[in-house]
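Report on the following structure.
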Amino acid sequence: MLKEKYGALFSLIKKEFYSVWRDKKTRSVIFLPPILQLFIFSYAATLDIQNIKIGVLNRDNTEISREFIRQIKSSRYFTKIYNLKNENELKRAMDEEKIRVAVYINNDFTKKYKAKNNPDILIITDGRHTNASQIIGGYISEIASSFTLMGQKKKNSIIEFETKDRFNTNLNYHWFIVACLTGILPMTTVVLLSSLSLAREKEMGTFDELIVVPLKPVEIITGKVIIPLLFGILDGIIILILAILFFKIPYQGSFILYVLSLALFLLSVVGIGLFISSWAKTQQQAMLYVFIFMFPAIMLSGYTTPIENITPKALQYLTVLNPLRFFLVISKGIILKNMNLYYVSLNLIPIIIISIITLIGAGRAFRGKLE
Amino acid sequence: MRDDILLSVKNLNKKFFDTEVIKDISFTLKKGQKAALIGPDGSGKTTLLRLISGLMLSDNACKNKDDKSILIDNLSPNTDLLKIKKIIGYMPQTFGLYEDLTVEENLKLYAGLKNVKKEEQNELFETLLNFSGLTNFKDRISGALSGGMKQKLGLSCTLLSRPKLLLLDEPSVGVDPVSRRDLIQITDKLSNENNIGIIWATSYLDEAKFFDKAILLKEGKKIYDGTPNNAKKVMEGLVFHVNPKNQDKRELLDLIVKNEKGISDAIIEGDKIRVVFENKEAIKFFKYEKEEIEPIFEDFVMCALGGRNPAFYTTTIKPKTNPIDIPYIEANGLSKIYKTKNGEFKAADNITFKVSRGEIFGLLGPNGAGKSTTFKMLIGLIKSSGGNSKIMGFDIKENPLEAKKNFGYMAQKFSLFGNLSVRQNIDFFRGVYSIKENKKEEIQKIIEGMELDRYLDKNASSLPLGFKQRLALLCATIHNPPVLFLDEPTSGVDPISRREFWMRINELTKHKTTVLITTHFMDEAQFCDRIALVYKGKILITDTPDNLKNSVKSEKLKNPTMEDAFIEIIKKAN
């Protein structure tokens with residue numbers, strides 16, 4: 001009975017599977033790029049600022065100011081220190097990007113320090129690298145304040161800081177990236193597979209065959225959804241396994257909850273992919289549309305920039321259309337901190353709504369093309 | 001070498017790895033002479049043209065730089081390629097038009113590529129546009145031109161360099177009869193007025209009669225080189241009409257093909273069957289009443305190419321349903337209106353016809369006349385703006401699933417799933433039509449009958465064209481449909497495979513399958529019981545092939561062919 005009722009659909013799904021699997025190029029697109037990108041992204045795209053080259057122009061040149069420089073040198077962020085002789089040299093070193101940051105110590109540094117009269121130093125950073133400069137500036141101020149405090153020895157009035165970073169105690173940046181990639185990379189595969197599959201049929205003329213055989217539009221859409229979805233989930237699981245085995249991510253949450261959320265998230269992506277391909281006449285066009293979709297989807301997901309930091313604010317509102325935004329919360333949540341069902345479902349609801357909208361949209365666009 | 005000889009080919013050979021594609025071919029072409037190059041797929045037509053145009057080197061030319069197996073105006077492509085490029089024009093099968101540019105922009109682009117001087121360009125364009133009848137379309141985007149017009153533009157671009165020798169590779173594929181005739185007349189005028197030598201490769205055999213000589217290739221060998229008329233003479237006394245009288249013509253054709261010996265070709269021509277014998281001996285054993293008729297060039301070609309494939313009539317797909325007393329295909333006032341900038345465009349306007357059980361119904365018409373639109377509306381590929389289409393009584397819009405279960409569809413270019421194997425293709429269609437397991441054996445027999453069994457695990461895209469066609473037909477009829485829709489099912493297929501295909505269709509109709517077909521081949525139109533001629537979105541006339549031919553009989557046209565009828569009726573409508 002089951003076979004009689006769903007036999008046609010099953011044949012269609014089998015056909016979809018073969019047309020992906022038997023094509024060497026498509027097959028390799030599913031596995032190779034995601035794994036490659038996992039390694040490239042997690043090694044290359046680190047937001048940690050390290051190995052900084054710094055220039056020092058020391059007008060003071062006393063034991064105390066030299067001690068301050070030694071402190072900078074011994075911190076783990078700075079690898080190379082250039083001793084600069086004058087302002088010109090400083091300017092040139094910065095122009096040539098020999099140094100990222102320069103510290104200027106005036107000749108009254110020791111005097112003020114001894115007089116406990118708040119000695120000042122000038123930190124010059126390279127504004128071309130906005131983000132990095134801010135962070136480096138922060139590093140140096142931190143060293144400077146602890147240095148002055150040390151000299152002043154007013155222990156009783158000091159508030160002592162103790163920072164504890166939860167969920168990622170050592171602020172290991174890989175953890176953040178890999179947790180995000182478990183969403184981003186399967187999304188790439190799925191949007192490509194689903195958008196290319198219809199476009200390819202149109203190009204080859206086999207789309208007409210699908211319309212002429214006795215399949216309901218719902219069945220055609222279902223057939224087109226399932227295979228990209230399954231490959232996407234497979235991709236997600238492979239990446240997760242690599243993350244655990246290779247990147248040693250301390251996987252915290254429920255595996256079933258993770259796969260379920262991934263499936264729902266990818267369902268919304270398939271909807272977008274099918275929507276794209278119902279507009280594209282050729283595979284080339286579909287590819288182009290995929291790129292137009294992918295960049296904003298990643299930029300507005302909270303992966304590169306925290307959503308609260310996105311300006312203008314209108315763009316922040318736009319992110320609610322982006323299923324990736326919600327899935328990244330879930331994937332980071334489940335992987336790094338064992339987020340519970342309640343919080344996961346809070347983020348799943350918008351994903352489900354987006355899935356419904358995109359799938360209905362795809363279905364409509366698809367039926368529209370029949371007319 | 002004689003002065004009037006433009007091209008001489010002598011003992012030409014070409015091997016690709018171990019396969020010989022051109023075997024010892026020699027022929028000559030005089031200045032201003034037109035030759036038709038004819039042969040099935042893979043017979044070496046394109047390779048021969050590419051060798052002549054210098055795009056490829058022959059085996060001898062590879063070994064010996066001074067080889068003179070090809071001489072054009074006393075120049076050899078392997079030593080004087082640059083000079084030769086200036087005197088030949090080569091138009092490949094799909095000419096590289098820039099589809100986003102207008103007609104004129106395409107001409108300008110090619111003029112630039114061919115170093116035509118700026119000051120000469122405008123005059124030359126005007127002549128060429130006039131010549132090809134494209135003057136009124138010069139600002140149109142070339143992608144929006146019809147197939148025939150695209151070919152004319154391609155030809156114009158090729159002519160920009162004012163060649164002495166023109167090589168055209170299947171310029172008439174997919175072009176309707178009216179445009180084909182146009183294209184032939186254009187080239188005719190060219191060779192007469194400018195003394196241009198022309199080689200025109202084609203798989204439309206009926207085109208040969210317009211040429212000074214015909215060169216016939218088979219498996220890389222030249223098997224005929226002479227005038228089409230002489231070829232016809234060879235066949236005199238071997239071609240007959242058999243009148244089925246009270247017998248069903250399709251059953252009779254089946255009997256003749258299966259039981260009679262020494263027959264190289266047998267086809268339906270209107271009410272009669274045209275039978276071509278291999279030799280005089282064979283006629284003696286033929287037991288049906290017959291009447292001698294004048295042979296045509298096709299008869300010779302079929303005979304020379306070795307006639308029908310004897311193993312092709314083993315398909316036994318019969319329509320499953322019991323006969324019912326309604327029209328099997330019904331179009332009621334089908335219309336399709338597209339909104340354009342300047343109002344409306346009626347691609348199909350109130351198309352109405354009925355096709356009854358067992359009939360073969362042909363939709364004919366020039367490119368862009370609305371026959372594809374009609375065809376697509378009938379089976380639900382396009383939604384009609386008005387009217388309805390019924391298949392076995394099921395409305396395609398209201399009851400699409402039932403309607404779809406009752407017909408099979410074979411698309412142009414046999415759109416199969418290319419990277420699925422033959423078996424997987426068959427399984428897919430078996431699955432979507434929910435065919436029971438117990439039919440597997442029957443299907444297996446058909447697979448063997450079609451000789452598809454040795455390809456079962458090959459990708460469908462890698463099959464030879466003739467086999468793709470067989471697979472497409474098998475997939476389209478796997479559910480034993482009472483109705484079959486065929487959209488230019490033989491476009492680009494060689495004459496032998498086409499005959500074979502039609503014998504299969506004949507077998508299907510013997511079992512009362514109803515067939516609706518679109519085609520550009522006039523001999524296929526003759527196969528139909530009735531033909532509807534579509535022009536400018538309307539049906540001009542619906543009648544039997546014989547009546548259509550008779551309707552254009554005149555002093556000038558005493559014995560009109562199907563093509564004549566087609567062209568005359570369209571002319572009258574203008």
Side-chain angles (χ1 to χ4, degrees), chain A residues 1-29 193 196-198 200-220 222-224 227 281-285 364 366-371, chain B residues 336 338 372 375-385 391 394 396-397 399-421 423-437 457-461 472 475-476 478-479 481 484-485 487:
Chain A
M1 295 90 12
L2 199 68
K3 218 186 153 192
E4 259 166 50
K5 198 162 174 212
Y6 297 107
L9 177 61
F10 186 65
S11 297
L12 179 66
I13 292 171
K14 233 164 77 182
K15 181 231 118 196
E16 292 296 329
F17 171 75
Y18 285 137
S19 57
V20 171
W21 196 251
R22 287 176 65 91
D23 184 34
K24 241 187 184 166
K25 271 183 273 169
T26 324
R27 198 169 54 203
S28 61
V29 160
L193 280 185
L196 289 185
S197 84
L198 258 186
R200 181 170 49 223
E201 302 239 16
K202 279 191 221 168
E203 237 174 81
M204 310 303 272
T206 49
F207 188 60
D208 286 359
E209 298 284 350
L210 287 188
I211 298 173
V212 164
V213 296
L215 284 168
K216 297 185 200 106
V218 175
E219 287 176 315
I220 298 180
T222 314
K224 288 276 165 205
I227 292 303
K281 285 201 190 84
T282 61
Q283 295 188 66
Q284 220 175 2
Q285 274 180 15
R364 292 208 141 196
F366 171 80
R367 293 181 96 159
K369 294 289 144 188
L370 298 188
E371 291 168 17
Chain B
K336 182 74 193 174
Y338 290 105
S372 292
F375 189 92
K376 285 180 172 165
M377 281 194 290
L378 280 171
I379 55 172
L381 285 176
I382 311 179
K383 235 179 197 170
S384 54
S385 324
I391 290 147
F394 296 108
I396 193 78
K397 265 197 227 168
N399 207 344
L401 283 193
E402 284 309 310
K404 284 170 184 179
K405 279 179 197 161
N406 280 300
F407 72 83
Y409 162 65
M410 200 171 137
Q412 230 181 87
K413 315 255 157 71
F414 331 122
S415 31
L416 297 155
F417 301 101
N419 56 355
L420 265 64
S421 71
R423 190 197 306 273
Q424 285 162 347
N425 266 290
I426 296 171
D427 281 348
F428 169 72
F429 285 98
R430 213 163 50 88
V432 290
Y433 284 113
S434 313
I435 288 162
K436 302 231 165 63
E437 283 295 311
D457 294 313
K458 291 255 164 57
N459 275 8
S461 58
C475 291
I478 200 158
H479 55 303
L484 190 57
F485 284 88
D487 190 8

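Remember, predicted model here, so these are calculated numbers, not experimental data. Every chain is numbered from 1 and lettered A, B, ... according to where its sequence line falls, protein lines coming before strand lines. Computation of the quantities below employed the complete heavy-atom set of this structure, encompassing side-chain atoms and omitting hydrogens, waters and symmetry-equivalent molecules.
Heavy-atom distances place no part of A/Lys14 under 4.5 Å from chain B, backbone and side chain included. With a threshold of 4.5 angstrom between heavy atoms, A/Glu201 approaches chain B through side-chain atoms but not through N, CA, C or O. B/Leu416 touches chain A through its backbone: at least one of N, CA, C or O sits under 4.5 Å from a heavy atom, while the side chain does not. For A/Leu210, the part sitting under 4.5 Å from any heavy atom of chain B is the side chain, from C-beta outward, and nothing else. B/Ser421 touches chain A through backbone and side chain together, each having a heavy atom under 4.5 Å away. Of the two parts of B/Phe429, only the side chain, counted from C-beta on, holds a non-hydrogen atom closer than 4.5 Å to a non-hydrogen atom of chain A.
Between chain B and the options A/Leu215, A/Asp208, A/Asp23, heavy-atom pairs under 4.5 Å are most frequent for A/Asp208.
Taking CD of A/Glu16 as the start and CZ of B/Phe417 as the end, the distance is 8.0 Å to the nearest 0.5 Å. Separation of atoms CG (B/Asn419) and CZ (A/Arg27) is listed at 10.5 Å; rounding is to 0.5 Å. Distance check: A/Trp21 CH2 to B/Leu420 CG gives 14.5 Å after rounding to the nearest 0.5 Å. One finds the CD atom of A/Glu209 at 9.0 Å from the CG atom of B/Asn425 (value rounded to the nearest 0.5 Å).
Residue B/Tyr433 comes nearest to A/Val213 through the heavy atom pair OH-CG1, 3.6 Å, listed as atom of the first residue, atom of the second, then distance. Taking each heavy atom of B/Asp427 and A/Ser11 in turn, the nearest pair found is O-OG, 4.3 Å.
Side chain of B/Lys404 to main chain of A/Ile211: a donor-acceptor pair is present (N/O by atom type, distance under 3.5 Å, no hydrogens or angles).
For B/Lys458, the NZ atom sits in a loose shell: 12 or fewer heavy atoms of surrounding residues, nucleotides or ligands are nearer than 6.0 Å.
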